[in-house]
Number of protein chains: 2
Amino acid sequence: MSNGTTSRRDQIRIAAEELFRTRGYLATSMRDIADKMKLSGGGSLYAHIAGKEELLWEIASDAIEAFFAAQMAVLASDLPPVEKLRQAMIAHVTVIMSRLDAAAVYFDEWRHLGDARREEFAARRDEYEKRFELLIHAGVACGALNAPDERFATLYALGALNAIRRWYRPDGRLSPDQVAALTADAVLRGLIG
Amino acid sequence: MSNGTTSRRDQIRIAAEELFRTRGYLATSMRDIADKMKLSGGGSLYAHIAGKEELLWEIASDAIEAFFAAQMAVLASDLPPVEKLRQAMIAHVTVIMSRLDAAAVYFDEWRHLGDARREEFAARRDEYEKRFELLIHAGVACGALNAPDERFATLYALGALNAIRRWYRPDGRLSPDQVAALTADAVLRGLIG
DNA sequence: GTCTATATAATGATAGAC
DNA sequence: GTCTATCATTATATAGAC
């Protein structure tokens with residue numbers, strides 16, 4: 001909501017996000033979510049949401065739009081190819097670190113979506129990742145990067161970035177900015193040869 | 001088994017491995033496993049195994065021992081630090097690519113183990129990963145690597161390696177050896193700065 | 001909006017016939 | 001070893017009182 005309050009529906013989504021990350025979607029029951037909301041029995045949730053899978057979909061699609069939004073801002077900028085790639089990578093891992101719960105759904109739990117939504121999600125994610133491939137291609141084309149296999153380079157880069165979600169914790173030793181810079185630089189060195 | 005046959009128990013484990021990867025542990029029922037074995041109803045499985053979680057444990061512990069075995073062979077060798085690290089990384093990703101189903105359990109599904117086994121697994125995995133950190137430390141100590149934060153370097157390296165399991169397929173464009181070499185080299189460049 | 005009670009379906013596991 | 005039948009449990013979701 002635009003004011004300082006969060007709707008009941010958003011509170012449910014936030015509770016679900018955290019449980020979906022810590023236990024997994026299938027291991028989280030509607031009663032678990034209700035418990036976290038201090039409601040007695042899962043029935044009350046259905047006054048706000050249509051069902052469990054709808055909750056998963058809302059989290060997944062919200063997450064992917066967060067990645068897109070962060071990426072768009074970088075793509076719109078006027079930077080040299082490699083610096084643009086670097087900024088896109090930093091934007092990507094920043095979304096991961098600032099939205100760890102949603103990122104878990106984005107990376108792992110989305111596969112439990114129903115067929116139609118799962119395919120829609122995968123297509124949109126492919127679209128997002130394709131733009132990284134284009135950034136890498138631009139870097140190779142201008143001679144700043146040396147990646148003989150651009151497809152592999154993209155998979156390598158995204159894989160290295162996405163792994164952050166497995167160990168980064170907000171109360172950890174390194175700040176998000178430090179993690180982002182260290183990771184983006186390590187990936188870029190790998191892509192320069 | 002030492003001869004050319006596989007025991008019924010092993011057949012069950014192999015069927016379970018594949019289902020645990022493609023659907024996830026919780027989304028796989030004993031009936032699903034029985035279907036894949038062309039058995040009618042999940043009941044027959046219990047003549048061979050004690051239960052579903054025991055199956056998960058068997059796969060998880062077998063996978064971690066495969067990683068250890070591959071790593072041991074490299075550690076026992078007499079190579080300079082960075083080359084030893086390179087070979088350990090290649091051994092690691094080779095296990096992943098040759099055992100994709102088991103790797104899915106090793107990376108994702110082990111969390112559904114019961115408390116005792118889950119903790120035992122995590123401790124053994126930490127032990128395994130610690131040896132990568134020691135290899136990186138040795139590389140830094142001899143001046144061949146430039147990793148100001150060795151803990152981060154270890155997490156970065158393992159993350160980049162482990163990501164392979166998400167996209168590598170045996171019938172893909174690149175051979176396992178190519179993927180292993182490309183990945184290990186990219187990681188090493190990232191660690192040399 | 002939340003509560004309790006419940007309908008309906010699926011699950012892991014067991015028992016006993018063959 | 002495999003089969004069928006079944007038990008106990010748990011799940012999502014709904015209904016109706018308040």
Side-chain angles (χ1 to χ4, degrees), chain A residues 1 3 5-60 105 108-118, chain B residues 1 3 5-60 105 108-118:
Chain A
M1 304 192 117
N3 55 18
T5 70
T6 53
S7 69
R8 206 82 176 106
R9 193 192 172 90
D10 284 342
Q11 292 171 16
I12 295 171
R13 188 182 46 71
I14 290 167
E17 262 184 28
E18 182 180 331
L19 289 167
F20 291 172
R21 174 173 70 86
T22 53
R23 306 184 189 182
Y25 175 73
L26 291 179
T28 300
S29 71
M30 297 301 284
R31 287 175 180 83
D32 291 334
I33 299 172
D35 281 355
K36 207 176 176 73
M37 305 281 303
K38 313 220 183 203
L39 295 173
S40 142
S44 304
L45 298 171
Y46 291 87
H48 306 278
I49 59 164
K52 192 184 174 189
E53 196 223 318
E54 194 211 43
L55 215 38
L56 182 65
W57 170 246
E58 208 169 290
I59 296 166
V105 170
D108 293 330
E109 306 302 329
W110 64 275
R111 71 160 154 177
H112 298 114
L113 288 166
D115 289 352
R117 285 168 162 171
R118 192 176 60 249
Chain B
M1 303 191 113
N3 56 17
T5 70
T6 53
S7 68
R8 207 82 177 107
R9 192 191 172 90
D10 283 343
Q11 292 172 14
I12 295 171
R13 188 182 45 73
I14 290 167
E17 263 184 28
E18 183 180 331
L19 289 167
F20 290 172
R21 173 173 69 88
T22 54
R23 306 185 188 182
Y25 175 73
L26 290 179
T28 300
S29 70
M30 296 303 285
R31 286 169 180 82
D32 291 333
I33 299 171
D35 281 354
K36 204 175 180 73
M37 306 280 304
K38 314 222 182 200
L39 296 173
S40 142
S44 305
L45 297 172
Y46 290 88
H48 306 278
I49 59 164
K52 192 186 176 189
E53 196 224 320
E54 195 212 42
L55 214 38
L56 182 66
W57 170 246
E58 207 169 291
I59 297 167
V105 170
D108 293 330
E109 306 301 328
W110 66 275
R111 73 161 151 175
H112 298 113
L113 288 166
D115 289 351
R117 286 168 161 171
R118 192 175 63 249

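Please read all numbers here as calculations on a predicted model, not as lab measurements.
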So do B:His48 and B:Gln11 actually touch side chain to side chain, heavy atoms under 4.5 Å? no
Between B:Phe20 and B:Tyr25, how do the two ring planes meet: parallel, tilted or perpendicular, split at 30° and 60°? perpendicular
Pick the closest DNA chain D nucleotide for A:Ala50 and for A:Ala27 by heavy atoms, then say which residue is nearer the 5' end. A:Ala27
B:Asp35 atom CG is separated from C:dG12 atom P, nearest whole Å, by 12 Å
Considering only heavy side-chain atoms of A:Leu39, the closest of C:dC3, D:dA13, C:dG1 is C:dC3
Gap between atoms CD and C1', on B:Glu54 and C:dA13 respectively (whole Å): 13 Å
Could you please name the option among D:dC3, C:dC3, D:dT14 that lies closest to any side-chain atom of B:Ser44? D:dC3
Rounded to the nearest angstrom, tell me the gap between atom CE in B:Met37 and atom C1' in D:dG1. 11 Å
Quick one: label B:Gly43 by what it contacts on the DNA or RNA (base, sugar-phosphate, nothing), any heavy atom closer than 4.0 Å. base
Which part of the nucleic acid, if any, lies within contact of B:Ser29, taking any heavy atom under 4.0 Å across all strands shown: a base, the sugar-phosphate backbone alone, or nothing? sugar-phosphate
Roughly, in whole Å, what's the span from OH in A:Tyr25 to P in D:dA11? 13 Å
So, OP1 or OP2 of D:dA13: does either fall under 4.0 Å of a side-chain N or O from A:Arg31? no
To the nearest Å, how far apart are B:Leu45 CG and D:dC3 P? 10 Å
Checking D:dC3, C:dA13, C:dT2 against the side chain of A:Arg8 (C-beta onward), the nearest is C:dT2
To the nearest Å, how far apart are B:Leu56 CG and C:dG12 P? 12 Å
Nearest heavy-atom contact between A:Ile33 and A:Leu55 is CD1-CD2, 4.0 Å
Any idea which of C:dT2, D:dT12, C:dG12 is nearest the B:Lys52 side chain? C:dG12
I want to check one thing: is the phosphate of D:dT4, taken as OP1 and OP2, less than 4.0 Å away from some side-chain N or O of B:Ser40? yes
A:Tyr46 side chain near D:dA13 phosphate (N/O to OP1/OP2, under 4.0 Å): yes
May I ask you to say whether A:Arg9 pairs ionically with A:Glu54, meaning some side-chain N is under 4.0 Å from a carboxylate O? yes
When the distance from CE of B:Met30 to C1' of D:dT2 is rounded to whole Å, what number comes out? 14 Å
Once you round it to whole Å, what is the distance between C1' of D:dG1 and NZ of B:Lys38? 18 Å
Would A:Glu17 and A:Arg21 pass as an ion pair if we require N to O under 4.0 Å? no
